[in-house]
Asker: 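The structure's right below; bear with me while I get my questions together.
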Protein chains: 2
Amino acid sequence: MGITERRNREKLRMRRSILDAAMKLFVEDGYDNVSIRKIAKRIEYSPATIYLYFTDKDEIFFQLHQEAFSKFLAVQKETLKIQNPMARLAKQGANYLEFAQKHPEHYDLMFIIKAPLRKLKTEWNCGFESFDILRQTIAECIDQGHLGNNNVDVVAIHVWANVHGLASLIIRDRLAMIPEDLLPQLLQEVMAFGTETLANR
Amino acid sequence: MGITERRNREKLRMRRSILDAAMKLFVEDGYDNVSIRKIAKRIEYSPATIYLYFTDKDEIFFQLHQEAFSKFLAVQKETLKIQNPMARLAKQGANYLEFAQKHPEHYDLMFIIKAPLRKLKTEWNCGFESFDILRQTIAECIDQGHLGNNNVDVVAIHVWANVHGLASLIIRDRLAMIPEDLLPQLLQEVMAFGTETLANR
DNA sequence: CGAGTATAGTTTACAGTGTTCAGTAAATTA
DNA sequence: TAATTTACTGAACACTGTAAACTATACTCG
């Protein structure tokens, strides 16, 4: 059965190369400017071929969405080494914002974009897992008396909304009222302020 | 010169009806599913006609963007009646979230969507004005010793990011980990928690 | 009032999009 | 070698934003 195995390998390689091409175009040209035809041209196949490997455009984006998430998840799991939950929480927040700024197209895919949401409700496992890491950390903080006696979910969503709000305002250029050169410094202060408001509970 | 005046009126009426049709389609079908042709069909003119009143699709969206903003601005100005700046701040936050949930397509246009951003940098006056109302309120809070001795912009961006984060997570369905029926209650608690963390400074 | 011009609107067209499907050519199997 | 399975493509459909050329009407001026 060496032949079918090789064929499976080739099939996987093809899927991979489609996804890679799509992601590259994504990062280069932005979400809205990626078309099936462009992806096809990039890998030097006809557009129709892509439909032999993915049912539609959404499936490609959903796949990339998942991969972006597992990338992010890996970064967040790194923080689990940090013993002190408050320090860990701060690091998770910093990671989040850094990820958003370093990989805006990935972030877009993960948290902002509208497109491939049909499947999101049933299959957003990475999202849940990532939220759970945050949740877990906050639970520890509360246990150790750092965050008052609050509902874990309330605090978790509060924290997440905080960093996501910042990240998406930046990515979508809605902080135009702040001079560009002052922004990085200011952002750091905002993050510091955020953790401070939490710590002094 | 009654003739040119009438013509101007008619020109304005036409612009108005294009914008109205566009906004309706927007709300009905979502941003991505509105095309020039659909707008044209709605007002019973040819697609090309629209280009006699707007240079391109972006200009339509930019116009609607501005109108959505002035609508929001009107709501926010209402809060200026409230004397106590802390209470005013809380009301502004609640308004913000309510606006986002009641008019998701408007909100999308204002704060999330990517499309018509070329002009945003130079002409986002409503955005600035609206930010200024928040800023002003926070300045008063700081003056009265409610928010510690912090930089106004830092706190303003913090607060904005907070509510915007919540709003955009809701609109983009990224709170799927929370059972739908528990969400409204939880959101209120998150908002309450947010104001609380600020107040106890 | 009639001729000429400005204007509003339409028709037609181009280049792009996602997607489908009949058809082909090559690889594999019998 | 013949039959079958597989991978792939070209052409087409129904859309998209937009531009240019054209027409019909409204208005201005002699």
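Residue numbers begin at 1 in each chain, while the letters A, B, ... track the order of the sequences.
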Asker: Quick one: which of F72(B), F69(B), F111(B) gives a ring pair (Phe, Tyr, Trp, His ring centres under 6.0 Å) with F99(B)?
Answerer: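 For F99(B), the ring pair (Phe, Tyr, Trp, His ring centres under 6.0 Å) check succeeds only for F72(B).
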Asker: What is the distance from CD of E44(B) to C1' of dA8(C), rounded to the nearest Å?
Answerer: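 The answer, rounded to whole Å, is 17 Å.
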Asker: Closer than 4.0 angstrom, basic N to acidic O: yes or no for D108(A) and R172(A)?
Answerer: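 Salt bridge flag = yes for R172(A) with D108(A).
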Asker: Is F54(B) touching bases, backbone alone, or none of the nucleic acid, heavy atoms closer than 4.0 Å?
Answerer: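 Counting heavy atoms under 4.0 Å across all strands, no contact is made by F54(B).
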Asker: Given atom CD1 of I50(B) and atom C1' of dA8(C), what is their separation to the nearest angstrom?
Answerer: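 Nearest whole value for this atom pair: 14 Å.
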Asker: Measure the distance from NZ on K11(A) to P on dT6(D) and round it to the nearest whole Å.
Answerer: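 Rounding to the nearest Å, NZ of K11(A) and P of dT6(D) are 8 Å apart.
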Asker: Could you state the atom-to-atom distance from CG of D29(B) to C1' of dC15(D) in whole Å?
Answerer: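 Distance, rounded to whole Å: 15 Å.
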Asker: For a 4.5 angstrom cut-off between non-hydrogen side-chain atoms, does N162(A) reach M191(A)?
Answerer: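 Not touching, per the 4.5 Å side-chain cut-off.
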Asker: Expressed as a whole number of angstroms, how long is the span from Y31(B):OH to dT16(D):P?
Answerer: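 Result: 15 Å.
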Asker: Within residues 15-25 of chain A, find the residues that approach DNA chain C with a heavy atom at under 4.0 Å, and present them sorted by residue number.
Answerer: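 Contacts with DNA chain C under 4.0 Å: none.
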Asker: Go through it in stages, so that I can follow the logic: the residues are F131(A) and Q136(A), the test is side-chain contact (heavy atoms from CB on, under 4.5 Å), and I'd like the CA-CA distance, side-chain angles, deciding distance and then a yes or no.
Answerer: CA-CA 9 Å; F131(A) 184 69; Q136(A) 192 58 39; over 6 Å; no
Asker: Below 4.0 angstrom, N of the basic side chain to O of the carboxylate: do K24(A) and D20(A) qualify?
Answerer: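 So K24(A) does not pair with D20(A) through a salt bridge.
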Asker: Inspect the contact between E105(B) and K71(B) and indicate whether a charged nitrogen and a carboxylate oxygen are less than 4.0 angstrom apart.
Answerer: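 Looking at K71(B) and E105(B), the cut-off is not met.
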Asker: Rounding to an integer number of Å, can you tell me how far D32(A) CG sits from dT16(D) P?
Answerer: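 After rounding, the gap between these two atoms is 16 Å.
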Asker: Does dT9(D) have OP1 or OP2 under 4.0 Å away from a side-chain N or O of S46(A)?
Answerer: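 Checking dT9(D) against S46(A), a side-chain N or O does come within under 4.0 Å of OP1 or OP2.
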Asker: Would you mind checking if K91(B) and E78(B) are paired as a salt bridge, meaning a charged N to carboxylate O distance below 4.0 Å?
Answerer: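 So E78(B) does not pair with K91(B) through a salt bridge.
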Asker: Taking the side chain as C-beta and beyond, is there a heavy-atom pair between F54(A) and L19(A) under 4.5 Å?
Answerer: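 With C-beta onward as the side chain, the pair touches.
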Asker: Using atom CG of L52(B) as one end and atom P of dT25(D) as the other, report the distance to the nearest whole Å.
Answerer: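 Going from L52(B) (CG) to dT25(D) (P), I get 17 Å.
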Asker: Of the non-hydrogen atoms in V159(B) and L198(B), which two are nearest, and what is the gap between them?
Answerer: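 Reported closest heavy-atom pair: CG2-CD1, 3.6 Å.
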Asker: Could you run down nucleotides 14-24 of chain C 5' to 3' and tag each one B, S or - for protein heavy-atom contact under 4.0 Å?
Answerer: ---BBBBB---
Asker: Could you state the CZ-P distance from F61(B) to dT16(D), rounded to the nearest angstrom?
Answerer: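 Atom-to-atom, F61(B) to dT16(D), this comes out as 12 Å.
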